[in-house]
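What follows is a short report on a single structure.
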Amino acid sequence: MAIQQKLSLMIPGPTPVPEKVLQALSKHPIGHRSKEFQDLVQSTTKNLQWLHQTQNDVLTITGSGTAAMEAGIINTLSRGDKVICGENGKFGERWVKVAKEFGLEVIKIDSEWGIPLDPEEFRKVLEEDKHKEIKAVILTHSETSTGVINDLETISSYIRKHNTALSIVDCVTSLGACNVPVDEWKLDIVASGSQKGYMIPPGLSFISMSQKAWEAAEKSNLPKFYLNLKSYKKSLQSNSNPYTPAVNLVFALDEALKMMREEGLDNIFRRHNKHKLAMSNAVKALNLKLFADEKYLSPSITAIKTEGMDAEEFRKTIKNNFDILLAGGQDHLKGKIFRVGHLGYVNDRDIITVVSAIGNTLLKMRKISAQQVGEALVVVSKYLEEK
Ligand SMILES: *Cc1c(COP(=O)(O)O)cnc(C)c1O
C-alpha cells in the first residue's frame, strides 16, 4: 500500500511544487489593493517578462491555461474573422472549438496526432491570402496530448511575412521548458498556465500581448467582460488587478519565479532537454516505442506506445506499486499510450526512478529481461551526465 503524501506527479500538470513555494502558499492572505501586494505584482510582472524574453505586457489572469487562450482570441478578433488553426492533438482541437464557438471562420491546418504540423502548409495558405483576410494563426507549440513540439520559429516567420495576421500561441507546456523568445520570434499573443512549467498549483494563467495585439484589440467586437484584457492592462499601470486575484497563488508565483531566475533560463532549458533525451532513449532501450516523431519531441512530455498491453492497466500498476502518477492517452489514444511528464520541478532522480519503475514492471510482466532494464538505466545515466 502506498504511503500517503509521497506521490510523485509525472504528468504534464499539475506538476510538482517546491517546498518554498508551498510555504509561500500557506501564508495568510493580504489585501489585494495594499501597497504590499502591488509591490508583489510589480516584481512578478518584471520576472514574467524575463521568462517570456519580452518587453511586451505580460498579464496574469485567475483561471487555467484555457482562460488565457480564450482571452487571446476574444480580445483581438471579431465575429466572422478568418483564422488558421493548427491542429495535431487534443489542444489544437480545443482551439478550433473555441474559435468556432465565437463565430470565427476556421481554416484548419492539421496533421495526424504524433506528427508535427508542416510549416510549409502555413506558408502556402498565408501567401495565397492576397487580400489579407486571415486575421490570426492559432496554434499549440508543445502538443501535450501527443508529446510533439511544433516548429513555432519557422511558422511564426511566415506569419510575420504575411504582416496582418496575429500569432496566438499556446505555449502552456513549452514556456519554462524550452526556448520561447517572444520578442525575437515576434510572437503576438502567448498563453501559459501556472500548473505546468511554473512549479505552482493550478489557478493562474499568463498572457503576453504585443503592440500589434493591442492594436487589434481596439477593433475586436467579440463579447467579453471578465477576460477583457484592456482592464488588466489598465490596472497593471498601478500594479493592480481589475478583480480579486488569487492572492496566495501570487505569493507562490513570486517565489517560483525567483527560483527560476536563480537557476537561469539556459540551465532550465538544458535540464528539460537532458530529461527529454534520457527519457526517450530509455524508452527505446526498454523495447517500447515513442508515439511522437523523434525529431520533434516535446521538452516536457514523452508519449509511449504500449502495443500488446493496456496502457491504463500499466499506469495503474505503476501507481499502486511505486506511487508514481503517469498520464494516460486521450480520446482514441486511451489505453494505447501512456505519457510521462518531465516538466517544471523535476530532477535527475525523478527520471531514474520512473525509468526503473517502468523497467521493473515490464520485467515482472516478462516483456523484457533484467539485462534490458539495466541497459536502460545505463542509457539514462549517460544522458543525465551531459551538462
Ligand atoms: C494544460 C494545457 C493547457 C491548459 O489547460 P487548462 O486545463 O485550461 O490549464 C493548454 N494547452 C496545453 C498544450 C496544455 O498542456
Side-chain angles (χ1 to χ4, degrees), residues 9-17 48 52 59-74 85-99 101-102 110-111 113-117 137-152 155 167-178 180 187 189-208 226-227 245-246 249 252-253 256 272 276 291-292 296-303 325-331 333 337-346:
L9 279 178
M10 298 209 73
I11 56 174
T15 61
V17 180
L48 283 168
H52 287 71
L59 308 169
T60 302
I61 298 170
T62 302
S64 78
T66 304
M69 270 306 275
E70 178 165 322
I73 292 169
I74 63 178
C85 285
E87 193 231 277
N88 60 336
K90 187 81 184 163
F91 289 98
E93 221 175 60
R94 182 179 295 175
W95 313 136
V96 171
K97 279 188 201 154
V98 174
E101 186 64 34
F102 285 100
D110 55 7
S111 70
W113 288 28
I115 308 291
L117 296 167
V137 178
I138 302 169
L139 79 154
T140 305
H141 189 197
S142 160
E143 184 41 89
T144 315
S145 60
T146 61
V148 166
I149 188 131
N150 288 309
D151 184 356
L152 178 59
I155 295 171
S167 49
I168 304 181
V169 197
D170 169 352
C171 288
V172 177
T173 54
S174 60
L175 203 89
C178 64
V180 186
L187 302 172
I189 298 167
V190 171
S192 58
S194 60
Q195 80 277 28
K196 306 291 175 98
Y198 289 86
M199 312 186 288
I200 65 181
L204 294 180
S205 56
F206 311 95
I207 183 161
S208 148
Y226 184 73
L227 291 178
L249 284 171
L253 175 66
H272 283 84
K276 168 189 88 176
F291 179 74
Y296 294 91
L297 294 177
S298 161
S300 48
I301 179 116
T302 302
L325 186 64
L326 303 176
Q330 293 163 291
D331 292 351
L333 295 176
I337 65 166
F338 68 88
R339 296 172 299 148
V340 182
H342 31 84
L343 174 58
Y345 190 56
V346 170

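One-based numbering, in listed order, for ligands and for the atoms of each.
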**Study point:** For atom 3 (C) of ligand 1, closest protein heavy-atom neighbour
**Key:** Phe91 CE2, 3.4 Å
Check your understanding: Going by distance only, is there an N or O of Trp95 that falls short of 3.5 Å from an N or O of ligand 1?
Key -> no
Check your understanding: Hey, are Asn88 and Asn150 close enough side-chain-wise for a donor-acceptor pair under 3.5 Å?
Key -> yes
Exercise for review: May I ask you to identify the nearest protein heavy atom to atom 15 (O) of ligand 1, giving residue, atom name and distance to one decimal place in Å?
Suggested key: Thr144 OG1, 2.5 Å
**Study point:** Geometric N/O contact Lys196 with ligand 1, under 3.5 angstrom
**Key:** yes
**Study point:** Test item: side-chain donor near acceptor, Ser174 and Ser142, under 3.5 Å
**Key:** no
Review point. Just by distance, with hydrogens left out, do Thr66 and Arg94 show a side-chain donor and acceptor under 3.5 Å apart?
Key: yes
Exercise for review: For atom 7 (O) of ligand 1, grab the closest protein heavy atom and report residue, atom and distance to one decimal in Å.
Suggested key: Ser64 OG, 3.9 Å
Check your understanding: Which is it for Thr173 and ligand 1 at heavy atoms under 4.0 Å: side chain, backbone, both or neither?
Key -> side chain
Review point. Has Ser142 got any heavy atom lying under 4.0 angstrom from an atom of ligand 1?
Key: yes
Point to revise | ligand 1 atoms in contact with Arg94 (distance to a heavy atom under 4.0 Å) | key: 5 (O), 8 (O)
Practice item. Ignoring angles and geometry beyond distance, decide whether Asp170 reaches within less than 3.5 Å of ligand 1 through its nitrogen or oxygen atoms. Key: yes
**Study point:** Min N/O separation Gln195 to ligand 1 under 3.5 Å
**Key:** yes
Practice item. Check whether the side chains of Thr15 and Tyr345 place a donor and an acceptor atom closer than 3.5 Å, and report yes or no. Key: no
Review point. When you check the side-chain N and O atoms of Thr140 and Trp95, is any donor under 3.5 Å from an acceptor?
Key: yes
Check your understanding: For ligand 1, is there an N or O atom under 3.5 Å from any N or O atom of Gly65?
Key -> yes
Practice item. Verify the distance criterion only: is there a donor paired with an acceptor across the side chains of Thr173 and Thr144 at less than 3.5 Å? Key: yes
Review point. Any side-chain donor-acceptor pair under 3.5 Å between Ser300 and His272?
Key: no
Practice item. Measure the spacing between OG of Ser111 and CG of Leu117 and express it to the nearest 0.5 Å. Key: 4.5 Å
